[in-house]
Amino acid sequence: KEVEADKVTWPIVSKEIGNDLPELYQKINATTRTIRNFLVENGVKTNEINVNAPVVIDLNAERYGENRQGYRYNITSIITVTSKNVKLVRSIIARQGVAIVDGGYENPVKYEYVAFRQMKPKMMQEAIENAEQTAAQFAENSKSKIDKIMNADQGQFSIEDRDSNTPY
């Protein structure tokens, strides 16, 4: 059965690089405010937006490799949108002219179907009806009769993306 996701988690990664750490903090905080304002202006509720503390990497302190970049610090901030309004968030992600990119391998957009418990009883009913039809056909073909249930198994439900291009 195909269902639409009812929850989306969208990490928005922003980075700043440079040599002046206080200046980088000011830049990353300004970028965070801009992104937050953009999200709210486009319908995302403030309680659906979570701003993580920035992570700083001092490339001069790295043990492995040499710092051949023209900068010392790399500061990263992740704003995470978690919403049940999947269509709204998808429309913001897909908006043309907006320079917000996927968070990559470490921070992908995740879609979930959390209302499964509400669907499960109906799916169980359908599965039982299908089992009854199969049993009746099996009994008819083998010239047998259906009797009491000797053994039963609920089976397994799995929730997967329809395909890699439409995880929602």
Side-chain angles (χ1 to χ4, degrees), residues 1-62 67 69-130 154-168:
K1 182 170 185 149
E2 192 169 303
V3 296
E4 290 187 12
D6 58 2
K7 180 181 175 188
V8 60
T9 304
W10 176 29
I12 304 168
V13 179
S14 60
K15 292 183 180 270
E16 295 288 341
I17 56 174
N19 293 313
D20 185 338
L21 194 54
E23 179 184 326
L24 290 175
Y25 270 109
Q26 288 177 355
K27 284 183 178 180
I28 202 82
N29 289 334
T31 301
T32 298
R33 278 191 303 277
T34 300
I35 293 170
R36 186 183 190 96
N37 291 341
F38 170 80
L39 293 168
V40 170
E41 288 168 7
N42 284 280
V44 177
K45 296 175 185 166
T46 55
N47 66 342
E48 297 173 328
I49 302 169
N50 183 42
V51 179
N52 296 329
V55 175
V56 176
I57 297 173
D58 182 345
L59 297 171
N60 285 351
E62 290 291 309
N67 181 14
Q69 291 82 10
Y71 53 87
R72 178 176 177 179
Y73 300 106
N74 178 337
I75 186 168
T76 304
S77 177
I78 300 176
I79 300 169
T80 304
V81 175
T82 304
S83 177
K84 292 185 178 188
N85 195 341
V86 176
K87 288 182 180 179
L88 172 71
V89 173
R90 282 196 59 240
S91 74
I92 295 170
I93 293 171
R95 188 164 296 156
Q96 291 184 1
V98 177
I100 297 177
V101 295
D102 186 312
Y105 178 76
E106 292 179 352
N107 299 292
V109 177
K110 293 180 185 174
Y111 295 94
E112 299 175 64
Y113 184 68
V114 295
F116 175 72
R117 286 189 178 144
Q118 296 166 348
M119 180 193 291
K120 187 177 176 183
K122 185 173 187 225
M123 290 178 72
M124 287 296 299
Q125 180 182 349
E126 290 174 12
I128 291 167
E129 289 169 4
N130 289 340
Q154 175 179 312
Q156 179 178 342
F157 292 104
S158 62
I159 300 173
E160 301 172 4
D161 294 347
R162 181 175 73 185
D163 59 65
S164 61
N165 296 316
T166 54
Y168 47 88

Exercise. If we only count heavy atoms from C-beta on, is the I93 to W10 side-chain gap below 4.5 Å?
Worked result: yes
For this session: Measure the spacing between CG of N37 and CD1 of I49 and express it to the nearest 0.5 Å.
Result: 9.0 Å
Problem set entry | Flag, side chain of N60 to backbone of R72, donor-acceptor distance under 3.5 Å | no
Problem set entry | Non-hydrogen atoms of Y111 and P167 that approach each other most closely | CB-O, 3.5 Å
For this session: Can you measure from NZ (K87) to CD1 (I92) and round to the nearest 0.5 angstrom?
Result: 15.0 Å
Exercise. If you measure from OH on Y113 to CD on Q118, what distance do you get to the nearest 0.5 Å?
Worked result: 7.0 Å
Problem set entry | Sequence neighbours excluded, every pair satisfying salt bridge (charged side-chain N to carboxylate O under 4.0 Å, His left out) that has a member inside residues 8-27 | E23-K27
For this session: Calculate, to the nearest 0.5 Å, the distance between atoms CZ and CD belonging to R90 and E4 respectively.
Result: 8.0 Å
Exercise. Which atoms form the tightest heavy-atom contact between N42 and L88, and what is the distance?
Worked result: O-CD1, 3.3 Å
Exercise. Quick one: are V56 and N74 in side-chain contact, heavy atoms under 4.5 Å?
Worked result: no
Exercise. Between I12 and V81, which heavy-atom pair has the shortest distance, and what is it?
Worked result: CD1-CG2, 4.2 Å
Problem set entry | Under 3.5 Å donor-acceptor, E41 side chain and F38 backbone | no
For this session: Could you tell me the separation between the CD atom of Q125 and the NZ atom of K120, rounded to the nearest 0.5 Å?
Result: 14.5 Å
Problem set entry | Qualifying residues under ring pair (Phe, Tyr, Trp, His ring centres under 6.0 Å), relative to F116, sequence neighbours excluded | F157
Seminar exercise, completed: Tightest non-hydrogen contact, residues S77 and N52, listed as OG-O, 3.9 Å
Problem set entry | side chain to side chain contact (heavy atoms under 4.5 Å, CB included) between K110 and V8, worked out | CA-CA 6 Å; K110 293 180 185 174; V8 60; over 6 Å; no
Problem set entry | Taking every non-hydrogen atom, the tightest pair across E48 and S83 | OE2-OG, 3.0 Å
Problem set entry | Side chains of Y168 and R162 in contact at under 4.5 Å (non-hydrogen atoms) | no
Problem set entry | Heavy-atom closest contact (I78 atom, P11 atom, distance) | CG2-CB, 3.9 Å
Exercise. Under the 3.5 angstrom rule, does the side chain of D58 hit a backbone N or O of Y73 as a donor-acceptor pair?
Worked result: no
Exercise. Does P54 reach the side chain of T76, with side-chain heavy atoms less than 4.5 Å apart?
Worked result: no
Exercise. When rounded to the nearest 0.5 angstrom, what is the spacing between OG1 in T82 and CG in N50?
Worked result: 7.0 Å
